[in-house]
Amino acid sequence: MNFFWSPFMVPVAGCLVGAVAIVSGIWFEAQKRMLRSQERMTMLARGVPIEEIERLMGPGEEEKPTPKDPLRSLSNARRTGIVLVSVGLGLVLFFITLYLILQERAILSGAAAALIPLAIGIGFFVDYNLQKRELSRFGLEVGAESSSVGLDR
């Protein structure tokens with residue numbers, strides 16, 4: 001009974017909620033695909049022509065994800081990097097300012113935690129530059145004017 005009152009219960013429960021959400025989403029998609037295929041098989045068994053089935057239910061192929069637009073992916077990486085670096089720097093400045101006002105050394109742990117979004121944002125900038133280099137390798141030059149086009153989508 002002591003386990004339920006331990007301080008580790010909140011993060012364990014949070015992880016379990018996330019895991020249950022992911023597993024139930026995957027299970028729901030699998031059930032949906034199975035139901036669609038069963039409906040198709042039933043219609044075929046009853047003699048409904050394939051053209052009629054496709055007209056009613058769409059093509060038999062599973063919904064394929066649309067290919068990503070490289071400029072949009074590039075602008076998303078840049079935008080996410082800007083937001084995360086800004087949040088990280090803002091939090092660091094906030095906690096340092098709060099430390100200077102209150103003179104409580106424990107407050108600096110908040111500034112240390114703010115390094116996490118800052119580091120992730122820097123990672124997004126690295127990804128942005130790697131994507132830009134890959135696109136230029138394929139002959140698609142990405143400048144300020146062409147990468148801002150992806151922001152409007």
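Reckoned from all heavy atoms, side chains included, excluding hydrogens, waters and symmetry mates.
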K.L.:
Of the non-hydrogen atoms in Met57 and Glu39, which two are nearest, and what is the gap between them?
P.N.:
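In terms of heavy atoms, the two residues are closest at CE-OE1, 3.1 Å.
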
K.L.:
Mind listing the closest non-hydrogen atom pair of Leu100 and Gln103 along with its distance?
P.N.:
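Shortest heavy-atom separation between Leu100 and Gln103 comes out as O-NE2, 2.9 Å.
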
K.L.:
For the CZ atom of Arg133 and the OH atom of Tyr128, what is their distance to the nearest 0.5 Å?
P.N.:
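One finds 13.0 Å between CZ of Arg133 and OH of Tyr128.
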
K.L.:
Is the number of heavy atoms from other residues, nucleotides or ligands under 6.0 Å of Met34 CE greater than 12?
P.N.:
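More than 12 within 6.0 Å, yes.
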
K.L.:
Is it true that a side-chain atom of Arg36 and a backbone atom of Gln31 form a donor plus acceptor pair closer than 3.5 Å?
P.N.:
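Flag not set: sc Arg36 to bb Gln31 has no pair under 3.5 Å.
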
K.L.:
At what distance, to the nearest 0.5 angstrom, does CD1 of Ile120 lie from CG of Asp127?
P.N.:
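Answer rounded to 0.5 Å: 13.0 Å.
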
K.L.:
Got Phe124 and Leu84 here, is their nearest side-chain heavy-atom distance under 4.5 Å?
P.N.:
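Of all side-chain heavy-atom pairs linking Leu84 with Phe124, at least one is under 4.5 Å.
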
K.L.:
Report the C-alpha distance between Ile82 and Arg79 in whole Å, list the side-chain angles of each, state the deciding distance to 0.1 Å, and finish with yes or no for side-chain contact (heavy atoms from CB on, under 4.5 Å).
P.N.:
CA-CA 5 Å; Ile82 290 170; Arg79 182 182 310 120; 5.7 Å; no

K.L.:
Working to the nearest 0.5 Å, report the span between CD1 of Ile107 and CZ of Phe94.
P.N.:
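So the gap between those two atoms works out to 8.5 Å.
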
K.L.:
Following the transitive rule for hydrophobic clusters with a side-chain heavy-atom cut-off under 4.5 Å over Ile, Leu, Val, Met, Phe, Trp and Tyr, establish whether Leu115 and Leu89 coincide in one cluster.
P.N.:
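They do share one cluster, since a chain of ILVMFWY contacts under 4.5 Å joins Leu115 to Leu89.
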
K.L.:
Side chains of Ile26 and Val23: closer than 4.5 Å at any heavy-atom pair?
P.N.:
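No, side chains not in contact.
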
K.L.:
Quick one: are Pro70 and Gln131 in side-chain contact, heavy atoms under 4.5 Å?
P.N.:
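The answer is no; the side chains never approach within 4.5 Å.
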
K.L.:
Identify the two heavy atoms, one from Ala111 and one from Val92, that lie closest to each other, and give their separation to 0.1 Å.
P.N.:
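Result for this residue pair: O-CG2, 3.7 Å.
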
K.L.:
Between Ala114 and Leu91, what is the shortest heavy-atom contact and its length?
P.N.:
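Looking at all heavy atoms of both residues, the shortest contact is CB-CB, 3.3 Å.
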
K.L.:
Can you tell if the side chain of Glu29 reaches within under 4.5 Å of the side chain of Arg33, non-hydrogen atoms only?
P.N.:
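A side-chain contact exists here, since the closest heavy-atom pair is under 4.5 Å.
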
K.L.:
For a 4.5 angstrom cut-off between non-hydrogen side-chain atoms, does Ile50 reach Leu44?
P.N.:
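Side chain of Ile50 against side chain of Leu44, heavy atoms only: contact under 4.5 Å found.
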
K.L.:
To the nearest 0.5 angstrom, please state how far the CE atom of Met43 sits from the CD atom of Gln38.
P.N.:
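The CE atom of Met43 sits 14.0 Å away from the CD atom of Gln38.
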
K.L.:
Could you state the interatomic distance from CD (Glu52) to CG (Leu56), rounded to the nearest 0.5 Å?
P.N.:
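Spacing of CD (Glu52) from CG (Leu56) equals 4.5 Å.
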
K.L.:
Heavy atoms only: give me the nearest Pro117-Ala113 pair and the separation to one decimal.
P.N.:
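Minimum heavy-atom separation between Pro117 and Ala113: CD-O, 3.6 Å.
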
K.L.:
Could you give me the CA-CA distance, side-chain angles and deciding distance for Leu108 and Phe95, then say whether side-chain contact (heavy atoms from CB on, under 4.5 Å) is met?
P.N.:
CA-CA 6 Å; Leu108 289 177; Phe95 283 112; 5.7 Å; no

K.L.:
Got a second to check how far Arg78's CZ is from Lys132's NZ, nearest 0.5 Å?
P.N.:
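Going from CZ on Arg78 over to NZ on Lys132, the span is 8.5 Å.
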
